[in-house]
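The figures that follow rest on heavy atoms only: side chains count, while hydrogens, waters and symmetry mates do not. We name chains A, B, ... by the order of the sequence lines, and we start the count at 1 in each one.
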Protein chains: 2
Amino acid sequence: MASAYKPEEARVPPALPLPAPPVTKFKIALCQLSVTPDKERNIAHSRKAIEDAAARGAQLVLLPEIWNGPYSNDSFPVYAEDIDAGGDASPSTAMLSEVAQRLKITIVGGSIVERSGDRLYNTSCVFGTNGKLLAKHRKMQLFDIDIPGKITFTESKTLTAGQTPTVVDTEVGRIGIGICYDINFEEIAMIYGAKGAHLICYPGAFNMTTGPLHWELLQRARATDNQLYVATCSPARDAGAGYVAWGHSTLVGPVSGYVFLAL
Amino acid sequence: MASAYKPEEARVPPALPLPAPPVTKFKIALCQLSVTPDKERNIAHSRKAIEDAAARGAQLVLLPEIWNGPYSNDSFPVYAEDIDAGGDASPSTAMLSEVAQRLKITIVGGSIVERSGDRLYNTSCVFGTNGKLLAKHRKMQLFDIDIPGKITFTESKTLTAGQTPTVVDTEVGRIGIGICYDINFEEIAMIYGAKGAHLICYPGAFNMTTGPLHWELLQRARATDNQLYVATCSPARDAGAGYVAWGHSTLVGPVSGYVFLAL
């Protein structure tokens, strides 16, 4: 990523000490994974995609929202994992940790449903090059939407909202994390800008209604308004799924243009 | 303007008591005026455009930024008017007041350079249907830009920045006012959203560099993020001018799409 922009000037004064700017450009991979009801297959498929990305030089890999099972309230409890318990209780994040350490890359692990006590969260885990869990972001803005005849979904039926924004220092810079509908709330991105983030990663699964309406607009607005990079990663579109993701995983830069767009 | 959106839900709690929603749709005119060095001609031309708009049913007329003379630091002091003194000291706003009262319309009078004591401001005046000055917005974010070889301008050489956002209740609803570069600062629009504005009017003169980069993006982002209408009005493009305006006066709605775009 080129760095002609000056994150230290995005908001004055910054709320946190700013990190040193990234010393070099790096490659980011947006793995727009196909997602099936077969969790083992999804994990193997994701591992393979991350390995392929690393083999092509990616130092940061971003996965989609809810990549280990279907996006539905019926599925959320079934595919949920206890991330804090780890190991067999969370095979999806155990894989991410193993592969991050083995390949010495940073992974923003999209999101999976997290079981914590009797609650479920839509949670993104960030792993460092040593395989350690650097941060865990719980989706703050649950996706409760009702556009009759187009898209109706109520995440709050099964999920609990996270309470805090998440900024994490990695080997490729300071990264803010949001999940899907979090991107609709400019305040979250402003906080990340104020805290000196170089990049905001939004795993997301916009749909065939909200995708064409706002997916591109919101990414470009967040990047331009806060003078940082924005990366999004969606599941691949599957017209046969109960919830059809928009795809269009994208990287946008702080001066408005696309860096990369997957269809 | 259709009003399926709910401004009262845009930010909770609102900072001000909310106005009653507009009872009916209304027509807005964006007068993308050509601007010349001849001030008398500019005033006459503007009056004619407003009359034409009103004759076609416009109840709200929006004019461009700096419509009574050229956009340049050399011209600003020459074309400046003492708005508070009024009458002969401010022929541009005297015309707006007269025509608003005569035609019983609301006018967001673009902007002119205001002389106040020994200071100059880039100022927008809003006139009600009785011809009274309802509000005066002084551009808060002066346009100091330097993109070498593309666009260099330093408004702060001659102008002083305004200190306060401006929200005004009119016969066609609650309107927030920004001038040109004010639109780049999302905080101003968020304040207007929080105060229950139905519409933000931005007279603006983006140029051939910043226009294609951000003009459309920022309008759509402000409208979508704050769930209100955004109207912009630029001078007509004049390839022979010292500062070439982008044009593209636009009205956008809260759900992303264009309502109207002038090329």
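Between the CZ atom in B/R220 and the CZ atom in A/R220 there is a gap of 8.0 Å [rounded to 0.5 Å]. Atom CG of B/L217 is separated from atom CG of A/L217 by 6.5 Å, given to the nearest 0.5 angstrom.
Contact of the A/M190 side chain with the B/M190 side chain is registered, since non-hydrogen atoms from C-beta on lie closer than 4.5 Å.
For the side chain to side chain contact (heavy atoms under 4.5 Å, CB included) test, residues two or more places apart in sequence or in another chain that qualify with A/A189 are A/I200, A/Y202, A/R222, A/N226. Scanning for salt bridge (Lys or Arg N to Asp or Glu O under 4.0 Å) contacts around A/E65 gives A/K139, with sequence neighbours left out.
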Would A/D225 and B/N184 satisfy side chain to side chain contact (heavy atoms under 4.5 Å, CB included), going step by step from the backbone distance to the final call? CA-CA 7 Å; A/D225 282 336; B/N184 285 59; 6.0 Å; no

